[in-house]
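In what follows, a single structure is set out as structure tokens and then discussed.
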Amino acid sequence: MTDVVIGSFNDSGENTVSIEKTIKRWNHLWCLIQWEEKFTLVKYLRKDSPITVLKTQISDTQARQLIDVLSLKRTQGFMSSSASSSWRKDEHSI
């Protein structure tokens with residue numbers, strides 16, 4: 001799954017991803033997690049599974065590109081904090 005990451009994979013900090021490859025692969029297993037102004041790109045192994053195949057922080061610019069191109073919808077995070085939310089594709093459009 002790290003083939004969507006451009007260059008070497010950093011265990012911490014931001015990674016640059018290929019927007020084109022990410023868009024092609026995007027399905028119900030992918031989401032963006034937003035905490036305040038930081039975005040983490042996540043791909044889960046299976047639906048309703050906490051196991052991730054890919055989890056990496058990406059830049060605000062790349063996150064906004066994915067949100068715009070894929071028409072991702074924002075949902076409030078499981079905590080009541082307004083700083084936590086996730087971005088997913090509308091299930092009816094997949």
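On a predicted model such as this, the values are computed, not experimentally measured, just so you know. Sequence positions, counted from 1, serve as the residue numbers for this chain.
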Sole residue of T61, I67, T56 in side chain to side chain contact (heavy atoms under 4.5 Å, CB included) with F39: I67
query: Which residues satisfy the side chain to side chain contact (heavy atoms under 4.5 Å, CB included) test with S8, sequence neighbours excluded?
result: N10
- request: Determine the minimum heavy-atom distance between V5 and L54, stating which atoms define it.
  value: CG2-CD1, 4.4 Å
message: To check you understand the geometry: which heavy-atom pair defines the closest contact between L41 and W26, and what is its length?
response: CD1-CZ3, 3.7 Å
field: Any donor-acceptor pair under 3.5 Å from W30 side chain to R25 backbone
entry: yes
query: Among all residues two or more places apart in sequence or in another chain, which pass the side chain to side chain contact (heavy atoms under 4.5 Å, CB included) test with I19?
result: V17, I23, Q62, Q65, L66
- request: Using the test side chain to side chain contact (heavy atoms under 4.5 Å, CB included), find all partners of K21 that sit at least two apart in sequence or belong to another chain.
  value: V4, S18
field: Contact summary for Y44 and S49, nearest pair of heavy atoms
entry: CD2-O, 3.2 Å
message: Once rounded to the nearest 0.5 Å, what's the spacing between atom OG of S12 and atom CD of Q57?
response: 9.0 Å
task: State the CD-OG distance between E36 and S85, to the nearest 0.5 angstrom.
output: 11.0 Å
- prompt: Who passes salt bridge (charged side-chain N to carboxylate O under 4.0 Å, His left out) against R88, sequence neighbours left out?
  reply: none
query: Counting distance only, does the side-chain N/O of E14 pair as donor-acceptor with the main-chain N or O of T16 below 3.5 Å?
result: no
- line: Contacts of K55 meeting side chain to side chain contact (heavy atoms under 4.5 Å, CB included) (sequence neighbours excluded), chain-then-number -> T40, V42, T52
- request: Any salt bridge (charged side-chain N to carboxylate O under 4.0 Å, His left out) involving residues 60-72? Give me the pairs, sequence neighbours left out, ordered by first then second residue.
  value: D60-R64
Donor-acceptor under 3.5 Å (K89 side chain, H28 main chain): no
task: Report yes if the side chains of Q34 and W87 come closer than 4.5 Å at any heavy-atom pair, otherwise no.
output: yes
